[in-house]
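Computation of the quantities below employed the complete heavy-atom set of this structure, encompassing side-chain atoms and omitting hydrogens, waters and symmetry-equivalent molecules. Chain identifiers are assigned alphabetically (A, B, ...) following the order of the sequence lines, protein sequences preceding nucleic acid strands; residue numbering begins at 1 within each chain.
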Amino acid sequence: MPVITLPDGSQRTYDQPVTVAQVAASIGSGLAKAALAGKVGGKLVDTSSTIAQDAALEIVTDKHPDALEVIRHSTAHLLAQATQALFPDAQVTIGPVIEDGFYYDFAYKRPFTPDDLAAIEAKMAELSKADLPVQRSEMPRDEAVTFFKAKGEHYKAEIIASIPAGETISLYGQGEWVDLCRGPHVPSTGKLKVFKLMKVAGAYWRGDSRNEMLQRVYGTAWTSEKDLKDYLTRLEEAEKRDHRKIGRELDLFHMQEEAPGAVFWHPKGWRVFQSLIAYMRDKQQAAGFDEVNGPELMDRSLWEASGHWEKFGENMFTTQTPDERVYAIKPMNCPGHVQIFRQGIRSYRDLPVRFAEFGKVHRYEPSGALHGLMRVRAFTQDDAHIFVTPDQITSESVAVTKLILDIYRDFGFDDVRIKFSDRPAKRVGSDEIWDRAEAALKAAADAAGIAYSLNPGEGAFYGPKLEFVLRDAIGRDWQCGTLQVDLNLPGRLGAHYIDEHSQKQTPVMLHRAIFGSLERFLGILIEHHSGRLPAWLAPTQVALLSITDRQDDYLRALSESLKNQGLRVETDLRNEKIGFKIREHTLQRVPYLLVAGDKEVAAGLVSVRTRNGKDLGQMTPQTFVERLGIELGSRGRRTLED
RNA sequence: GCUCACGUAGCUCAGUCGGUAGAGCACGUCCUUGGUAAGGACGAGGUCACCGGUUCGAUUCCGGUCGUGAGCUCCA
């Protein structure tokens, strides 16, 4: 006699075990029709699932927060069914739900083409229209292995074989087609109406690059046409803010074949780059860091000692010189900083020693990994290494954490997530050292009062790390900052200090980066702001526009004056109409356009217009500079428009 | 590195079922001195990524290389 408690708190009592569908039907026929799944005691189940005990039940309709999960999962099945209907010898593997959609991996003798995709999508629509009931059944594991082997589904059989023996496997069938699946699924294929196949790509079986490559079909599915349309619009908007496109439009940088993965910075892009460096220089100087600079090339013996040669030799650029020596172009700055630390004798009284460098590093990344500014082979790190005694780890880590979060706020990134990455499989140093390093970093994170999630096995080869992840304007996450506790490299590279008992000790090294890669950080900023960089970072802050050539002298003098006050100014005296000039500089995302015609010249004023199209009226240049000064000083938290 | 797609003017793209190419914008010259998102006329501009092959002839077909894009793998 199950008593079912509904979300509104009401209870219904049934004489015998009931299915979710039956409960829905007993409430109303509309609900019965709309039911996609059920949630019993917080667990998603099929509408055909039977409830025998008292339970809390939510009927999952397309209004329910979990509806998309179920729909996407079922649509992945529909995709597999359609694919096998058209390509009977394609084998199924896995088809999970991912953010905004799903995918399904198939093993097939040839890659699918865009035409295949269109055909599969049409078949899916046909199967949806047929409204095939989806039926769940069960089978013992070993029987399931035999069943799928007999069907020629070797990948599926392999998946089932890895499930513990004796377990019962659930199968879902729709029409003639059947697949292994945990479920739950919608009650019939007719519930799946709003979907679109997005792209096809290769993917390794079980995610291992040594395995064969499968055909992965990506799709998206929603509860309404409007949601699908919004999603596609969202993709278009993201494309519009692509930093590669904006970088070209705003003449910030370019890349070319002869230097794959390396950036040619144009004057405007380099201005922004230099603004980032100037900002960081101020910040870290105030935080007690000393800037240093290490060599780009160092003999391979040094990289052997550090462990880089063994762990990352494949990814290092090397050079053979006429003196028959092999040098590596630095992929990291830390070994260089240790060399600087090693000069002379350090006392515990000198610690912490904080070395910072805007070090350009080169890493031979796999060609397929390159991506605009986001993944390059040559980049500049805002890298620092802090040499400390073991009992300084916590206080220094807390200070660095605060500095990182403080700096992100200046860029408008208030939503920062932190991950704790512990020892990776490929590492140097004993487990005992790793135990200590991880414990120290955890203690430091706790002392800093930050919440973090675990990211197992993702630490650096020499130590565990905290990773700082930014969330941008359109909700994408970017891992930028990092703080690492390193109990390995200082010892391997022979760094020492003398403690208060006159004993030689090995310092602990904290690695820290805040922007991470300046190239990438700038790419993130471009996309975050859609190219409309805040005035304190904008390559050109002010454009001076004349109406006719009678204002030339006035604007030339004004330009000189603004530049002398430290502003980045462009003057447009071309023989063009003002509307044309406004359009061009607005498209160039120049924050403020100062227009002067005869009226302004006569009164000693300028008309101020923002790149957002707002007219701020006339004011004296002095007033403009003062108000802009407030905006720059507040890093854009207060703008002229406010 | 792997799979697939792509590479035509500075940019965005069209085109050639094999006979050495075209638009818009940008650029140059001239006209226009115009008040808040595109004034007009004329002009110049391409080794059709690179290297081979097939062919009387290749930008087009075939093979390779390089690069780019999407995804996978990787990211000290």
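Applying the ring pair (Phe, Tyr, Trp, His ring centres under 6.0 Å) criterion to Phe102(A), with sequence neighbours excluded, gives no partner residue. With sequence neighbours excluded, the residues forming a ring pair (Phe, Tyr, Trp, His ring centres under 6.0 Å) with His528(A) are Phe413(A), listed by chain and number. Remark: His77(A) pairs with His73(A), Trp177(A), His185(A) by the ring pair (Phe, Tyr, Trp, His ring centres under 6.0 Å) rule, at least two apart or across chains. The ring pair (Phe, Tyr, Trp, His ring centres under 6.0 Å) test applied to Phe624(A) returns Tyr592(A), not counting sequence neighbours.
Below 30°, between 30° and 60°, or above 60°: for Tyr408(A) and Phe468(A) the angle between ring planes is above 60°, a perpendicular geometry.
The side chain of Ser607(A) has G35(B) as its nearest neighbour among G35(B), G39(B), G1(B). When distances are taken from the side chain of Asn315(A) to each of G34(B), A76(B), C72(B), the shortest belongs to A76(B). With distances taken from any side-chain atom of Ser209(A) to the nucleotides G71(B), C27(B), U73(B), the minimum falls on U73(B). Ranking G1(B), A70(B), G35(B) by closeness to the Lys199(A) side chain, first place goes to A70(B). Closest to the side chain of Asp549(A), from the set U33(B), A37(B), A76(B), is U33(B). The nucleotide whose nearest atom lies closest to any side-chain atom of Met213(A) is, among C72(B), U3(B), U33(B), U3(B). Side chain of Gln484(A), nearest nucleotide from A38(B), C74(B), A76(B): A76(B). Between U36(B), A76(B), G71(B), one nucleotide has an atom nearer to the side chain of His308(A) than all others, and that is A76(B). Candidate nucleotides G35(B), U33(B), U3(B) were compared by shortest atom distance to the side chain of Arg550(A), and U33(B) ranks first. When distances run from any side-chain atom of Ala460(A) to the nucleotides G1(B), A76(B), A37(B), the shortest one goes to A76(B).
Close to G71(B), at under 4.0 Å from its OP1 or OP2, lies no side-chain N or O of His371(A). Side-chain nitrogen and oxygen atoms of Arg244(A) include at least one within less than 4.0 Å of the OP1 or OP2 phosphate oxygen of A70(B). OP1 or OP2 of U3(B) has not a single side-chain nitrogen or oxygen of Tyr108(A) nearer than 4.0 Å. Distances shown here put every side-chain N or O of Lys581(A) at or beyond 4.0 Å from the OP1 or OP2 atom of G34(B). In this structure, Arg609(A) reaches the A37(B) phosphate: one of its side-chain N or O atoms is under 4.0 Å from OP1 or OP2. Checking the phosphate oxygens (OP1, OP2) of U12(B), a side-chain nitrogen or oxygen of Arg248(A) falls inside 4.0 Å.
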- Message: Determine whether Val361(A) and Asn333(A) satisfy the following criterion, side-chain contact (heavy atoms from CB on, under 4.5 Å), listing intermediate values before the conclusion.
- Response: CA-CA 7 Å; Val361(A) 296; Asn333(A) 302 297; 3.8 Å; yes
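Taking the ring centre of Phe580(A) as origin, the terminal cationic atom of Arg574(A) falls outside the region bounded by 6.0 Å and 45° from the ring axis.
Counting distance only, with no hydrogens placed and no angle test, the side-chain atoms of Tyr364(A) and the base atoms of G1(B) include no donor-acceptor pair under 3.5 Å. For Gln551(A) against G35(B), a side-chain-to-base donor-acceptor contact under 3.5 Å is absent. Within 3.5 Å, no donor on the side chain of Asp615(A) pairs with an acceptor on the base of U36(B), nor the reverse. With hydrogens and angles left out, the side chain of Arg375(A) and the base of C75(B) share a donor-acceptor pair within 3.5 Å.
The partner of C6(B) is G67(B), by the rule that a Watson-Crick or G-U pair needs both atom distances under 3.5 Å. The partner of U36(B) is absent, by the rule that a Watson-Crick or G-U pair needs both atom distances under 3.5 Å. Pairing partner, C42(B): G28(B), with both Watson-Crick or wobble hydrogen-bond distances short of 3.5 Å.
Nearer the 5' end of RNA chain B, as judged by each residue's closest nucleotide, is the contact made by Ile582(A), out of Ile582(A) and His362(A). Projected onto RNA chain B by closest heavy-atom contact, Leu214(A) and Phe580(A) fall at different nucleotides, the more 5' of which corresponds to Leu214(A).
Using a 4.0 Å heavy-atom criterion, one finds that Val595(A) contacts the bases of the nucleic acid, with or without backbone contacts as well. Residue contacts for Glu239(A): at a heavy-atom cut-off of 4.0 Å it reaches no nucleic acid atom on any strand shown. When heavy atoms are screened at a 4.0 angstrom cut-off, Pro111(A) is found touching the sugar-phosphate backbone but no base atom. Looking at heavy-atom distances under 4.0 Å, Pro260(A) makes contact with sugar-phosphate atoms alone, never a base.
Here ring pair (Phe, Tyr, Trp, His ring centres under 6.0 Å) pairs that include residues 195-218 of chain A, with residues two or more places apart or in two chains, are Tyr103(A)-Tyr218(A), Tyr155(A)-Trp205(A).
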- Item | Reading 5' to 3' through nucleotides 42-52 of chain B, protein heavy-atom contacts under 4.0 Å coded B for base, S for sugar-phosphate only, - for none | -----------
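Using a 5.5 Å limit on the distance between ring centres and a 30° limit on the angle between planes, the aromatic ring of Phe312(A) counts as stacked on the six-membered base ring of A76(B).
Other residues, nucleotides and ligands place no more than 12 heavy atoms under 6.0 Å from the CD atom of Glu310(A).
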